[in-house]
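Just so you know, these numbers use all the heavy atoms, side chains as well, and skip hydrogens, waters and symmetry mates.
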Amino acid sequence: VGRFMREVARDIAYRAIRNRGTIGGSLCHADPAADWVSVLQLLSATVAIHGVAGSRDVPASAFMSSAFSTVLNASELVVAIRVPVLSVSARWSYRKFCRKPGEFAEALACVLVDPVHDVCRAVIGATDGCPLRIDDARLLLSVHDEGTIREVLARADLNEDAYAAQLRYVMVSRALAALDSA
């Protein structure tokens, strides 16, 4: 997990943001184009929340309720993010498109395969709302031809124009291809 998260972090924004920003802050900001919002869902992280009413744990996939909105109540804080350990045989890939370095992604896709834990998951981020999490991405991985990828994206009903649809298709294709070469 550490190596994967380091690889993601190295391409986030600019040096000042990487050095001062936090994963929890990014998650609470809940920008659908943010890297950690998608990556933590991919990794099945858990968000530990504490407030005046007590403590609770929320899966990262349920933490963001819509673009720029979370399940946090006004009196609550994120106190920890727990990321499960991957097996040594786990493979992952993360691809994003930004017009220039440091910007939020216009399209992003990440894939995780961990055969020991029976995980084959994909997340498509930089949407108008919450990232699209595909818990069983075996079809994408086994076939991953253009028609299959476009069909999965069409079923997601992302309400996007042709340019955004093409960018998303390319990022998913590249994430799958990078996973194959890993």
Side-chain angles (χ1 to χ4, degrees), residues 1-87 90 92 94-99 101-112 114 117-137 153 155-160 164 168 171 175:
V1 171
R3 196 172 92 222
F4 177 49
M5 291 180 74
R6 278 191 305 274
E7 287 179 22
V8 170
R10 105 178 143 212
D11 290 329
I12 293 176
Y14 300 98
R15 185 178 305 157
I17 299 297
R18 286 191 299 271
N19 290 339
R20 298 197 59 152
T22 65
I23 295 172
S26 177
L27 193 61
C28 290
H29 183 58
D31 188 327
D35 300 80
W36 295 124
V37 171
S38 294
V39 169
L40 292 174
Q41 286 192 37
L42 181 75
L43 296 171
S44 289
T46 302
V47 182
I49 299 170
H50 184 75
V52 295
S55 298
R56 62 188 175 123
D57 289 340
V58 175
S61 59
F63 183 77
M64 187 175 158
S65 55
S66 63
F68 303 103
S69 297
T70 69
V71 298
L72 281 177
N73 295 320
S75 63
E76 293 181 317
L77 292 171
V78 170
V79 294
I81 299 170
R82 295 182 188 93
V83 181
V85 176
L86 301 174
S87 72
W92 61 83
Y94 183 81
R95 295 294 181 267
K96 70 178 179 177
F97 174 80
C98 304
R99 286 186 186 265
E103 288 185 341
F104 281 102
E106 284 187 51
L108 67 86
C110 44
V111 183
L112 171 66
D114 190 346
H117 295 111
D118 194 30
V119 172
C120 184
R121 184 179 305 124
V123 174
I124 300 167
T127 63
D128 288 338
C130 297
L132 171 65
R133 179 175 154 146
I134 304 167
D135 285 314
D136 186 357
L153 292 171
R155 274 190 270 136
D157 194 26
L158 297 171
N159 297 322
E160 52 195 7
R168 201 164 321 285
M171 290 305 102

When you look at V39 and V123, which way does the side-chain contact (heavy atoms from CB on, under 4.5 Å) test go after all the steps?
CA-CA 8 Å; V39 169; V123 174; over 6 Å; no
Residue R15 excluded, over 12 heavy atoms near CZ under 6.0 Å
no
Enter the distance from L42:CG to I124:CD1 here, rounded to the nearest 0.5 Å.
11.5 Å
Mind listing the closest non-hydrogen atom pair of L27 and V37 along with its distance?
CD1-CA, 4.2 Å
If you compare all heavy atoms of S26 against all heavy atoms of A34, which two are closest, and at what distance to 0.1 Å?
OG-CB, 3.7 Å
Output for pair (L72 CG, L77 CG), nearest 0.5 Å, gives 8.0 Å
Hey, can you tell me if F68 and H29 have their rings parallel, tilted or perpendicular (30° and 60° cut-offs)?
perpendicular
Looking at every heavy atom in both R56 and N73, which two are closest together, and how far apart are they?
NH2-ND2, 4.0 Å
Closest non-hydrogen contact found for T70 with C28 is CG2-O, 3.6 Å
What distance separates R10 CZ from D35 CG, expressed to the nearest 0.5 Å?
12.0 Å
Could you go step by step and tell me if V47 and L40 meet the side-chain contact (heavy atoms from CB on, under 4.5 Å) rule?
CA-CA 9 Å; V47 182; L40 292 174; 5.9 Å; no
Would you check, one step at a time, whether the test side-chain contact (heavy atoms from CB on, under 4.5 Å) holds for E76 with V71?
CA-CA 10 Å; E76 293 181 317; V71 298; over 6 Å; no
Taking R6 for the side chain and V1 for the main chain, is one N or O donor matched with an acceptor at less than 3.5 Å?
no
The reported gap from OG in S69 to CE in M64 (rounded to nearest 0.5 angstrom) is 8.0 Å
Show the numbers, then the answer: is there a side-chain contact (heavy atoms from CB on, under 4.5 Å) between I81 and W36?
CA-CA 11 Å; I81 299 170; W36 295 124; over 6 Å; no
Nearest heavy-atom pair of M171 and K96: which atoms, and what distance?
SD-C, 3.5 Å
Heavy-atom pair of closest approach, residues L108 and A105:
CD2-CB, 3.8 Å
Please report the interatomic distance CG(D135) to OG(S44), rounded to the nearest 0.5 Å.
7.0 Å
Nearest 0.5 Å please: distance from the CZ atom of R133 over to the SG atom of C110.
10.5 Å
Should we say atom CG of D136 is surrounded by more than 12 heavy atoms from elsewhere, each under 6.0 Å from it?
yes
Report yes or no: do D11 and Y94 form a side-chain donor-acceptor pair below 3.5 Å?
no
